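Working notes for the structure below.
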Amino acid sequence: MTNQITVLEAESQKDTAFFWEQLHAYHARDIFPDSDDEDRAYFLSEQYRAQIQTLHDRKSNPMHYLLFQRGGQQIGFALTVIYGTEDGKQFLLEFCVLPEFRGHGTGCACAQALLDWGYAHGAAFFELNAGTENRRRFWSRLGFVPNGRDRWGVPLMLLPPRERINVTAERLTNIDELWDLESGFLDEIGEEPLDEEKQARLEQAIADGQITFFAAKRLNRPVGICSVSSCFSTFCCKRSGIFDDFYVEPAFRHQGVARTLAAAAQEFCRMQGYASVTVGCADCDTALYRALGFETRLGTMLACDL
């Protein structure tokens with residue numbers, strides 16, 4: 001079929017040169033049209049190309065230079081990586097249909113061909129940055145859903161895995177697994193991502209035992225977090241806990257993740273000899289927390305900002 005779109009890896013010198021020529025044109029034309037944009041200079045630089053080439057040449061989780069072809073013509077390209085070490089997550093860095101071939105559903109056809117290529121090469125699910133409304137609208141047609149944001153505050157979208165797998169919850173020990181989920185939590189409550197200074201303070205609080213985080217994992221991917229901060233209750237003269245940072249990635253909600261996380265945090269508090277663990281919540285969330293075992297009402301929590 002002459003209209004069938006195929007996905008080819010840019011391996012020859014000619015194809016690689018075409019890929020980079022079009023990637024630079026895409027960055028200059030579509031992403032950074034302002035010639036004074038500081039990021040534009042970096043993405044058009046040899047430094048950027050060298051960094052991407054290093055990722056392309058690595059043995060584990062290599063970057064792929066892909067070309068879309070239809071009827072013998074190159075009509076677009078993609079830059080992507082499949083993380084076999086992250087349960088088959090395929091991250092889509094760049095995706096472009098060349099301007100002269102846009103329209104009539106070509107973009108969606110190329111995107112579907114890219115997803116099919118991913119599945120054929122071991123991808124289990126797909127993720128991308130979606131910082132613009134146009135990008136969110138386009139990828140939602142392919143089944144992607146908004147899924148929090150990364151540690152720098154950039155919105156993420158995810159095409160969920162086809163296979164549903166039960167999650168487990170454990171104490172979080174790898175701090176690198178925290179930041180994207182914490183950023184998603186803060187975004188959901190209307191707060192900005194943590195800057196480097198706040199990240200450092202939080203990391204120190206974790207190291208000092210002032211706060212303990214728990215992660216819910218689907219295989220090796222963290223899909224939710226919660227925390228317990230230690231305090232002392234003068235009512236019973238014992239330690240108690242404050243439950244917070246409760247967040248499940250939208251793509252993995254309604255699968256028992258919240259219950260698994262809350263149970264892990266509550267069991268930790270029991271094992272530590274805490275008298276209780278409390279949570280502050282909006283009235284609209286009361287039913288949720290009651291269902292998770294927070295059954296005793298303790299009045300209204302108020303705060304004095306300092």
Side-chain angles (χ1 to χ4, degrees), residues 1-10 19 22-23 25-27 29-31 61-71 73-84 86-150 152-165 180-181 183-184 187-188 218-219 221 223 248-255 257:
M1 294 178 61
T2 58
N3 289 327
Q4 184 175 358
I5 294 171
T6 57
V7 180
L8 306 173
E9 192 123 18
F19 172 86
Q22 296 303 326
L23 179 60
Y26 164 72
H27 281 149
R29 178 189 62 241
D30 297 337
I31 306 302
N61 305 324
M63 196 80 71
H64 297 276
Y65 303 161
L66 302 181
L67 300 173
F68 301 122
Q69 188 176 88
R70 182 178 63 190
Q73 287 184 300
Q74 310 286 15
I75 66 170
F77 65 87
L79 180 64
T80 187
V81 57
I82 299 174
Y83 292 97
E86 294 185 33
D87 307 327
K89 178 183 79 175
Q90 181 170 344
F91 197 87
L92 311 181
L93 286 87
E94 305 290 1
F95 170 85
C96 176
V97 175
L98 304 187
E100 60 269 31
F101 299 104
R102 293 175 185 175
H104 307 291
T106 302
C108 285
C110 287
Q112 187 59 60
L114 175 59
L115 300 181
D116 292 341
W117 178 93
Y119 285 128
H121 287 77
F125 60 100
F126 302 82
E127 189 173 46
L128 54 84
N129 291 330
T132 66
E133 182 57 35
N134 285 342
R135 197 170 196 191
R136 290 190 286 272
R137 187 163 51 247
F138 174 81
W139 288 103
S140 67
R141 299 173 194 162
L142 280 297
F144 283 74
V145 296
N147 199 52
R149 64 186 185 186
D150 65 21
W152 299 282
V154 179
L156 295 168
M157 295 188 79
L158 188 92
L159 182 61
R162 292 169 169 174
E163 182 182 6
R164 180 165 173 170
I165 296 175
D180 285 0
L181 290 166
S183 183
D187 180 58
E188 197 153 274
R218 179 194 179 276
L219 299 178
R221 177 186 173 89
V223 298
V248 177
E249 288 185 327
F252 295 96
R253 292 176 184 174
H254 311 295
Q255 299 182 25
V257 181

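What you see is a predicted model, and the numbers here were worked out from it, not measured in a lab. Every heavy atom of this structure was used, including side-chain atoms; hydrogens, water molecules and symmetry mates were not.
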> Could you walk me through whether Glu86 and Arg218 pass the salt bridge (Lys or Arg N to Asp or Glu O under 4.0 Å) check?
Replying inline: CA-CA 10 Å; Glu86 294 185 33; Arg218 179 194 179 276; over 6 Å; no
> Hey, mind stepping through Leu67 and Phe19 against side-chain contact (heavy atoms from CB on, under 4.5 Å) and telling me if it holds?
Replying inline: CA-CA 7 Å; Leu67 300 173; Phe19 172 86; 4.2 Å; yes
> Between Leu66 and Leu8, does a side-chain contact (heavy atoms from CB on, under 4.5 Å) hold up when you go through it step by step?
Replying inline: CA-CA 6 Å; Leu66 302 181; Leu8 306 173; over 6 Å; no
> For Val154 and Asn129, what are the C-alpha separation, side-chain angles and deciding distance, and is it a side-chain contact (heavy atoms from CB on, under 4.5 Å)?
Replying inline: CA-CA 6 Å; Val154 179; Asn129 291 330; 3.8 Å; yes
>> Under the criterion side-chain contact (heavy atoms from CB on, under 4.5 Å), I'd like the reasoning laid out for Glu9 against His64: C-alpha separation, chi angles, the key distance, then a yes or no.
In response: CA-CA 7 Å; Glu9 192 123 18; His64 297 276; 2.7 Å; yes
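Two residues are said to be in side-chain contact when any heavy atoms from C-beta on lie closer than 4.5 Å; Pro250 and Val145 fail this criterion. Using a 4.5 Å cut-off on side-chain heavy atoms (C-beta onward), His121 and Ile82 make contact. Using a 4.5 Å cut-off on side-chain heavy atoms (C-beta onward), Glu127 and Leu156 make contact. Within the 4.5 Å cutoff, no side-chain heavy atoms of Thr106 are placed close to those of Arg102. Side-chain contact between Thr80 and Gln90 is present, with at least one heavy-atom pair separated by less than 4.5 Å.
Lys89 forms a cation-pi arrangement with Tyr83, by the criterion of a distance under 6.0 Å to the ring centre and an angle within 45° of the ring axis.
With hydrogens and angles ignored, the 3.5 Å screen pairs a side-chain donor or acceptor of Arg136 with a backbone N or O of Ala130.
Taken to the nearest 0.5 Å, the OG1 atom of Thr6 stands 12.0 Å off from the CG atom of Asp116. Rounding to the nearest 0.5 angstrom, the gap separating the CG atom in Asp187 from the CZ atom in Arg149 is 4.0 Å. For the atom pair SG of Cys108 and CG of Leu115, the computed distance is 10.5 Å after rounding to the nearest 0.5 Å. Annotation: the span from Leu79 atom CG to Cys96 atom SG amounts to 12.0 Å, rounded to 0.5 Å. In this structure, the separation between CZ on Arg253 and CG on Asn147 is 8.5 Å, given to the nearest 0.5 Å. If you take CE on Met157 and CG on Leu142, they are separated by 9.5 Å, rounding to the nearest 0.5 Å.
Counting heavy atoms of neighbouring residues, nucleotides and ligands inside a 6.0 Å radius, atom CZ of Arg162 does not exceed 12 of them.
A ring-ring contact (aromatic ring centres under 6.0 Å, His included) with Phe77 holds for exactly one of Phe101, Phe68, Tyr26, Tyr65; it is Tyr26. When each of Phe252, Trp139, Phe126, Phe144 is paired with Leu158, the side chain to side chain contact (heavy atoms under 4.5 Å, CB included) condition holds for Phe252 and for no other.
Counted by atom type alone, Glu94 and His27 present one or more donor-acceptor pairs between their side chains at under 3.5 Å.
The pair Arg221-Glu249 counts as a salt bridge, with a side-chain nitrogen and a carboxylate oxygen less than 4.0 angstrom apart.
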